[in-house]
Amino acid sequence: MKIFKNNITSVNLPEKLLKAFPKHELCNTLKEFILLSQKERNALKIKKRNPSLNDNYYVILSPDEYNNRKCKTLRLSHAERRALLHFTKAGTLQDAIIITLCTMLRAKNNEEKTAKEISTDEQAKKEETPISTGLSVMGNKKWFLKNSKKILTEITKDKTQKLILIEPFMGSGISIVNAAHWDMFDDYICWDTDKHRINYFNIIKKYPSRFKSILMCLNSISFEQNYQDNKKVEEMIDIITDSCKLYKSDNSYKILCDLVDAIEYWMINKKIIKHSLPDAENDYTLEEIHNKFFNLSNEMREWKEADKQKRLNKQNEKLASGELKKARHINEKSINLDFVGKASSSLQKINFKQGNSLELLKKYAGKPEYIIMCDPPYIDTKGYTSEFTYEHHKELAKLLLEHQKSNGIFLYFGRPTAPRSLNTNDDIDYTERDIVYKRKYEYLFWGNGIQYKIYEYDKAHGVKEMLTTSFKVSDFLPLDEIENQENTI
């Protein structure tokens with residue numbers, strides 16, 4: 001096996017595997033394997049420790065097939081090569097590639113058999129498992145996904161024309177990503193004002209294995225302050241250099257800069273690092289990119305150490321109080337990247353735009369083929385990256401009602417309860433404040449034949465969510481009659 005410049009890897013592979021995975025399919029299969037979740041790899045019988053190479057080889061290959069080899073060149077980044085070695089626990093890259101291809105071929109051969117063995121209930125449960133986008137943001141609608149699927153199913157059940165789902169306030173993206181996973185609409189469009197968030201989704205959409213494998217490298221490599229004398233840090237710099245050479249197109253360097261930003265954005269969102277990304281264009285030099293990755297890896301190490309120390313202190317307190325009898329081993333916190341593969345698959349169906357939500361919405365309001373799903377920032381609520389005042393809500397409601405007049409369908413999420421104090425010790429009666437905010441949301445759509453339903457989002461703190469829609473959902477009630485009835489679940 002040889003590794004040349006520009007990430008070209010030369011390996012001797014069994015011809016049976018080359019026939020099973022011709023041309024670009026071979027590299028794509030290796031990247032597909034990297035994107036599998038831990039649970040999916042376990043199902044394929046890739047063990048965490050000391051896998052038997054012979055078992056993996058000879059499940060698919062006879063001794064003669066194993067020895068009948070041909071040289072093949074592959075384009076894999078340094079980070080992707082490390083990921084394959086990590087997941088297969090193989091001693092060499094060539095062995096890692098053969099284990100991966102044998103495993104994926106076995107899964108491919110057993111796909112129909114496995115599908116027959118899965119019961120209807122198991123299949124339904126599998127399909128209902130929410131797809132994560134890897135982000136945590138204010139107003140995340142993960143809790144609403146089951147209800148969302150039911151409502152969107154009603155909307156699309158008897159469709160007679162092409163329907164396109166649009167989401168002007170992307171947030172974590174979980175609503176539209178799962179809608180794309182359910183495959184109910186013909187197309188999907190979403191936008192956001194945050195260019196870094198748009199870039200993050202585009203990177204996971206187009207370069208998921210690169211994103212995951214580089215983050216894995218940052219997670220696994222231990223660094224010293226004097227990184228010039230540290231072999232492992234030099235390996236990291238090689239990873240970045242290799243990634244820079246990975247693409248043949250002229251915009252390869254721009255892609256690398258976007259990749260750096262996406263990784264940094266994810267780490268900020270997960271509170272691994274505390275600074276924010278600049279508004280300026282990410283036109284980095286190679287030296288700046290090296291320094292960025294070095295700093296990110298150090299910050300990841302510090303985050304892990306701080307978390308471990310925090311859990312150790314908590315354990316010591318329990319030991320001192322007698323709540324815990326014996327000390328337990330505390331493992332280092334690991335990052336979970338299992339979401340990347342499935343999120344990337346759904347993201348392929350979605351078109352992303354960056355810009356002002358209200359301005360972009362004006363292009364689509366009034367066209368009935370567009371189903372508008374709006375989850376704007378809640379009124380007077382902190383924690384959002386951009387301001388959205390009550391005047392903005394009124395402007396948005398006006399656009400949505402114009403959409404309704406042309407037989408267009410919209411869904412609009414609001415929180416008809418006053419913002420709660422972050423101090424849980426505050427003894428505050430929110431009754432009167434809640435009435436004010438409830439009236440504010442009702443006023444937006446009152447008198448237009450709109451349907452609504454109120455959901456108990458957080459019963460312990462009395463927080464509710466209200467969904468209003470121009471579509472007649474089976475268990476929704478008329479907003480115009482809200483004085484005489486209260487529909488909650």
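The basis for the numbers below is simple: all heavy atoms, side chains too, and nothing from hydrogens, waters or symmetry mates.
Distance check, rounded to the nearest 0.5 Å: OH of Tyr441 to CD of Glu465 gives 8.0 Å. Taken to the nearest 0.5 Å, the CG atom of Leu256 stands 4.0 Å off from the CD1 atom of Ile289. The line from CG of Leu411 to CG of Leu152 is 6.5 Å long, rounded to the nearest 0.5 Å.
Minimum heavy-atom separation, Cys374 to Leu400: SG-CD2, 4.1 Å. For Pro368 against Asn407, the heavy-atom pair with the smallest separation is CB-O, 3.9 Å. Nearest heavy atom pair, residue Ile214 against residue Ala79, reads CG1-CB, 3.6 Å. In this structure, Arg41 and Leu36 approach most closely via the heavy-atom pair NH1-O, 2.7 Å. Across every non-hydrogen atom of Ile350 and Cys190, the tightest pair is CG2-SG, 3.8 Å.
Around the NZ atom of Lys398, the shell of radius 6.0 Å holds no more than 12 heavy atoms that belong to other residues, nucleotides or ligands. Within a 6.0 Å sphere centred on NZ of Lys150, other residues, nucleotides and ligands contribute more than 12 heavy atoms. For Gln348, the CD atom sits in a packed shell: over 12 heavy atoms of surrounding residues, nucleotides or ligands are nearer than 6.0 Å. Lys292 NZ: more than 12 foreign heavy atoms inside a 6.0 Å radius. The environment of NZ in Lys394 is crowded: more than 12 heavy-atom neighbours from other residues, nucleotides or ligands sit within 6.0 Å. The neighbour count for Lys353 NZ, taken as heavy atoms of other residues, nucleotides or ligands under 6.0 Å away, does not exceed 12.
Lys254 places a side-chain heavy atom less than 4.5 Å from the side chain of Asp258. Contact annotation: the side chain of Ser148 never approaches that of Lys141 to less than 4.5 Å [non-hydrogen atoms, C-beta and beyond]. Looking at Phe352 and Met170, their side chains come closer than 4.5 Å, going by heavy atoms from C-beta outward. In this structure, the side chains of Asp475 and Val473 come closer than 4.5 Å at one or more pairs of heavy atoms. With contacts defined as side-chain heavy-atom distances shorter than 4.5 Å, the pair Ile166/Trp191 qualifies. Considering only heavy atoms from C-beta on, Leu399 stays 4.5 Å or farther from Phe410 through its side chain. His403 is not listed as a side-chain neighbour of Ile409, based on a closest heavy-atom distance of 4.5 Å or more. No side-chain heavy atom of Asn356 sits less than 4.5 Å from a side-chain heavy atom of Lys362.
Between Phe339 and Trp266, the two ring planes are parallel [angle under 30°; tilted spans 30° to 60°]. The aromatic rings of Phe87 and Phe33 lie perpendicular to each other, with more than 60° between the two planes, well past the 30° mark.
Defined by atom type and a distance below 3.5 Å, a donor-acceptor pair is missing between the side-chain atoms of Glu264 and Tyr200. If you check the side chains of Glu32 and Thr29, you find no donor sitting under 3.5 Å from an acceptor. With hydrogens and angles left out, the side-chain atoms of Glu154 and Ser474 include a donor and acceptor closer than 3.5 Å.
Checked by atom type and distance alone, the side chain of Tyr188 pairs as donor or acceptor with a backbone atom of Phe185 at under 3.5 Å. Within the 3.5 Å criterion, the main-chain N or O of Ser172 finds a donor-acceptor partner in the side chain of Thr133. With His86 contributing its side chain and Ala83 its backbone, the two residues share no donor-acceptor pair below 3.5 Å. Judged purely by atom type and a 3.5 angstrom limit, Thr100 uses its side chain to pair as donor or acceptor with the backbone of Ala96. A donor-acceptor pair under 3.5 Å is formed between the side chain of Lys304 and the backbone N or O of Asn219. Here the side chain of Thr417 pairs no donor or acceptor atom with the backbone of Val463 at under 3.5 angstrom. Proximity of a side-chain donor or acceptor of Arg81 to a complementary backbone N or O of Leu76 within less than 3.5 Å is detected. The backbone N or O of Ser37 sits less than 3.5 Å from a side-chain atom of Glu40, completing a donor-acceptor pair. Checked by atom type and distance alone, the side chain of Asp338 pairs as donor or acceptor with a backbone atom of Gln38 at under 3.5 Å. Judged by distance alone, with hydrogens and angles left aside, the side-chain atoms of Arg82 form no donor-acceptor pair with the main-chain N or O of Ser213 at under 3.5 Å.
Within the structure, salt bridge (Lys or Arg N to Asp or Glu O under 4.0 Å) pairs that include any residue of residues 170-179 do not occur (at least two apart or interchain).
Shown here are the side chain to side chain contact (heavy atoms under 4.5 Å, CB included) partners of Asn448, two or more places apart in sequence or in another chain: Leu401, Gln404, Ile450.
Lys440 forms a cation-pi arrangement with Tyr437, by the criterion of a distance under 6.0 Å to the ring centre and an angle within 45° of the ring axis.
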*What do the steps show when you test Tyr457 against Phe144 for ring-ring contact (aromatic ring centres under 6.0 Å, His included), and what is the final call?*
CA-CA 9 Å; Tyr457 170 68; Phe144 190 74; over 10 Å; no
*Evaluate the side-chain contact (heavy atoms from CB on, under 4.5 Å) criterion for residues Lys195 and Asn199: first the C-alpha distance (whole Å), next the side-chain angles of each, then the deciding distance (0.1 Å), finally the verdict.*
CA-CA 6 Å; Lys195 70 176 184 180; Asn199 176 63; over 6 Å; no
*For Tyr443 and His393, run side-chain hydrogen bond (donor to acceptor under 3.5 Å, both in side chains): C-alpha distance rounded to whole Å, both residues' side-chain angles, the deciding distance at 0.1 Å, then the answer.*
CA-CA 11 Å; Tyr443 172 77; His393 279 271; over 6 Å; no
*Please walk me through it: do Leu358 and Phe388 pass side-chain contact (heavy atoms from CB on, under 4.5 Å)?*
CA-CA 10 Å; Leu358 291 173; Phe388 201 80; 4.3 Å; yes
_Working for side-chain hydrogen bond (donor to acceptor under 3.5 Å, both in side chains), residues Gln451 and Thr469_ = CA-CA 5 Å; Gln451 306 289 306; Thr469 176; over 6 Å; no
*Evaluation steps, side-chain contact (heavy atoms from CB on, under 4.5 Å), between Tyr284 and Asp261*: CA-CA 10 Å; Tyr284 308 126; Asp261 264 14; 2.6 Å; yes
*Trace of the salt bridge (charged side-chain N to carboxylate O under 4.0 Å, His left out) decision for Arg439 with Glu442*: CA-CA 5 Å; Arg439 289 288 180 259; Glu442 291 168 0; 2.6 Å; yes
*Would you please test Met184 and Lys149 for side-chain contact (heavy atoms from CB on, under 4.5 Å) and show each step?*
CA-CA 9 Å; Met184 295 179 180; Lys149 185 175 184 179; 3.6 Å; yes
*Please test Tyr452 against Asp480 for side-chain hydrogen bond (donor to acceptor under 3.5 Å, both in side chains), starting from the C-alpha separation and ending with a verdict.*
CA-CA 9 Å; Tyr452 86 100; Asp480 298 346; over 6 Å; no
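A salt bridge is absent between Glu369 and Lys162; no separation between the charged side-chain nitrogens and carboxylate oxygens falls under 4.0 Å. Remark: Lys405 does not engage Glu402 in a salt bridge, criterion side-chain N to carboxylate O under 4.0 Å. We find that Asp192 and Arg197 are joined by a salt bridge, their nearest charged nitrogen and carboxylate oxygen being less than 4.0 Å apart.
Just one residue in the list Ile454, Asp434, Asp458 forms a side-chain contact (heavy atoms from CB on, under 4.5 Å) with Lys464, and that residue is Ile454.
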